[in-house]
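Below: the structure, in structure tokens.
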Amino acid sequence: MADVRFEHVYKRYGENPPVITDLNLHIEDHEFLVLVGPSGCGKSTALRMIAGLEDISEGTLYIGDRAVNAVAPKDRDIAMVFQNYALYPHMSVFDNMAFSLKLRGTPKEEIATRVNQAADMLGIKDYLPRKPKALSGGQRQRVALGRALVREPKVFLLDEPLSNLDAKLRVATRTEIARLHQTTKTTFVYVTHDQVEAMTMGDRIAVLNAGLIQQLGSPQELYDRPANLFVAGFIGSPAMDFFDGVVKRTADGATLTIAGRTITLAGQSAAAGSNAASSGERKVIAGVRPEDFHLATDGEPNTLIGTVDVVEHLGNEQLIYMQSDGTHASEHSEVKGLTARIAPDAVVHHGERVAVAVDPARVHLFDPESGKRV
């Protein structure tokens, strides 16, 4: 098995600005690392550079102790699973899975053993004689995984492998891939634009935007302490609500004012607010996750009041989308108001005016100019 290291790697196409800029990233041996970000952020390009399908414009890429900039894809000892499965339609499932081993000159008995073991692990043994056209999308994806698995590579590369599957199948296949990683103990590098996939699968997540790593850390780290506005808005579903506000230092900590409504911050939020407002007060962008609101009781402090636009009933919870009185949603907010996650048995109707209370210890503060966490 092997680790993967990018050292000051750039990728340019002609005279255009870099698609990847000064990428420094160490993917540990046996780690499941997820590269996540919006379309065009450079995540698939980074993956294809590991595979050798894209040349490196500048810098060095290591797989294990070997610099592989000039090493052909077939000699890198990696296996890649593509978004569109890339199966040979004229071959049986068995032959698709065995193809790379036949090219290597692996003995027939060993090929049969490896293919059968992989098929058994993925639950596709009954499909070995079939052609890909006789399989469902989920079955084809498992064949693509099996084809990579039989090679016993140092590194697995997966490029948005679930994007062509329906929602229920995505969840099931997600579990299969996580189980496969635990079983093989191999290094996995997984690319997705879906932050739910990233949060549920990765040991660590690298969030990319415009070819730059915005933050690298565990899923919980990124969720609890996003480094900047981009990460805060990208990680979490529904997205974090953002508001323009002013934080003021007080004798006991700090308060946050959002268009005339004042929230007394608590815990780490108070400490961050107090430090940020070293001169007494400071403009900030305040971020609150939907689950850090709740329907307020009469007289409860730290509340925002508004009118309900939409109620989404999700069975185990409800999401309410509100236009809140006097609050200025930041330009970074997806919803020009606020989104709150509330209990499934709460009774709330479209057009109703309600009060929601903010958890004062769970407010995130960001600098309006740099976008960085304060």
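Numbers for residues simply follow the sequence, beginning at 1. These numbers come from the heavy atoms of this one structure, side chains and all, not from hydrogens, waters or symmetry mates.
Looking at His26 and Asp3, their side chains do bring a donor and an acceptor atom within 3.5 Å of each other. No side-chain donor from either of Tyr190 and Glu160 sits under 3.5 Å from a side-chain acceptor of the other. When only modelled atom types and interatomic distance are considered, Gln214 and Asn209 share no side-chain donor-acceptor pair under 3.5 Å. A donor atom on one side chain and an acceptor atom on the other are found under 3.5 Å apart for Gln139 and Tyr127. A side-chain donor-acceptor contact under 3.5 Å links His294 and Glu300.
The two residues Ser274 and Ala254 come nearest to each other via the heavy atoms N-CB, 3.6 Å. Minimum heavy-atom separation, Met80 to Asp159: CE-CB, 4.0 Å. The minimum heavy-atom distance between Val81 and Gln141, with the atom names listed, is CG1-OE1, 3.4 Å. Smallest separation of non-hydrogen atoms from Ile20 and Thr45: CG1-CG2, 4.2 Å. Among all heavy-atom pairs drawn from His8 and Asp22, the shortest one is ND1-OD1, 2.8 Å. Listed here is the closest heavy atom pair of Arg142 and Ile124: NE-CG2, 3.5 Å.
Following chains of ILVMFWY side-chain contacts shorter than 4.5 Å, one cannot reach Phe188 starting from Phe6, and the two form parts of different hydrophobic clusters. Val231 is connected to Met201 through a chain of hydrophobic side-chain contacts under 4.5 Å among Ile, Leu, Val, Met, Phe, Trp and Tyr, so both are in one cluster. By the rule that hydrophobic residues join a cluster once side-chain heavy atoms approach within less than 4.5 Å of another member, Val68 and Phe156 end up as members of separate clusters. The hydrophobic cluster containing Leu157 also contains Leu23, counting ILVMFWY residues as joined when their side-chain heavy atoms lie under 4.5 angstrom apart, directly or transitively. Both Met97 and Leu135 are part of a single hydrophobic cluster, where members link through side-chain heavy atoms under 4.5 Å apart.
Counting non-hydrogen atoms of neighbouring residues, nucleotides and ligands closer than 6.0 angstrom, the NZ atom of Lys102 exceeds 12 such neighbours. Within 6.0 Å of the CG atom in Asn84, the count of heavy atoms belonging to other residues, nucleotides or ligands exceeds 12. Counting heavy-atom neighbours within 6.0 Å of Gln268 CD, excluding the residue itself, gives a total of 12 or less. For CG of Asp75, the number of neighbouring non-hydrogen atoms (other residues, nucleotides, ligands) closer than 6.0 Å is greater than 12.
Judged purely by atom type and a 3.5 angstrom limit, Asn96 uses its side chain to pair as donor or acceptor with the backbone of Ser92. Although no hydrogens or angles enter the test, the distance criterion places no donor-acceptor pair under 3.5 Å between the side chain of Arg341 and the main chain of Asp292.
Taking the side chain as every heavy atom from C-beta outward, Ile263 and Thr255 never approach each other to under 4.5 Å. Side chains of Ile111 and Val150 form no contact here, defined as non-hydrogen atoms less than 4.5 Å apart. With contacts defined as side-chain heavy-atom distances shorter than 4.5 Å, the pair Thr186/Val155 does not qualify. A 4.5 Å side-chain heavy-atom check between Val247 and Leu365 finds at least one atom pair inside the cut-off. Side-chain contact between Leu149 and Thr184: present, with at least one pair of heavy atoms (C-beta onward) separated by less than 4.5 Å.
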Side chain to side chain contact (heavy atoms under 4.5 Å, CB included) between Arg66 and Val71, intermediate numbers included: CA-CA 9 Å; Arg66 181 171 66 152; Val71 176; 4.1 Å; yes

Chi angles and distances behind the side chain to side chain contact (heavy atoms under 4.5 Å, CB included) call for Asn69, Thr60: CA-CA 6 Å; Asn69 292 41; Thr60 309; 3.8 Å; yes

Evaluation steps, side chain to side chain contact (heavy atoms under 4.5 Å, CB included), between Leu35 and Val189: CA-CA 7 Å; Leu35 297 170; Val189 186; 4.1 Å; yes

Arg362/Asp224 under salt bridge (charged side-chain N to carboxylate O under 4.0 Å, His left out): CA gap, chis, key distance, verdict: CA-CA 9 Å; Arg362 299 283 296 170; Asp224 289 340; 3.6 Å; yes

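Taking the six-membered ring where tryptophan is involved, the planes of His90 and Tyr88 are perpendicular, since the angle between them exceeds 60° and thus also 30°.
Using a 4.0 Å cut-off between charged nitrogen and carboxylate oxygen, Arg249 and Glu281 do not count as a salt-bridge pair. Between Glu221 and Arg225 there is no salt bridge, since no side-chain nitrogen of the basic residue lies less than 4.0 Å from a carboxylate oxygen of the acidic one.
In this view, Glu54 and Lys11, Arg48 satisfy the salt bridge (Lys or Arg N to Asp or Glu O under 4.0 Å) rule, not counting sequence neighbours. Scanning for side chain to side chain donor-acceptor pair (under 3.5 Å) contacts around Ser269 gives an empty result, with sequence neighbours left out.
Both cation-pi conditions hold for Arg289 and Tyr223: the charged atom is under 6.0 angstrom from the six-membered ring centre and inside a 45 degree cone around its axis. Within the cation-pi definition used here (under 6.0 Å to the ring centroid, within 45° of the axis), Arg5 qualifies as a partner of Tyr62.
Partner Asp367 forms a salt bridge (Lys or Arg N to Asp or Glu O under 4.0 Å) with one of Arg282, Lys283, Arg373, Lys372 and no other, that one being Arg282.
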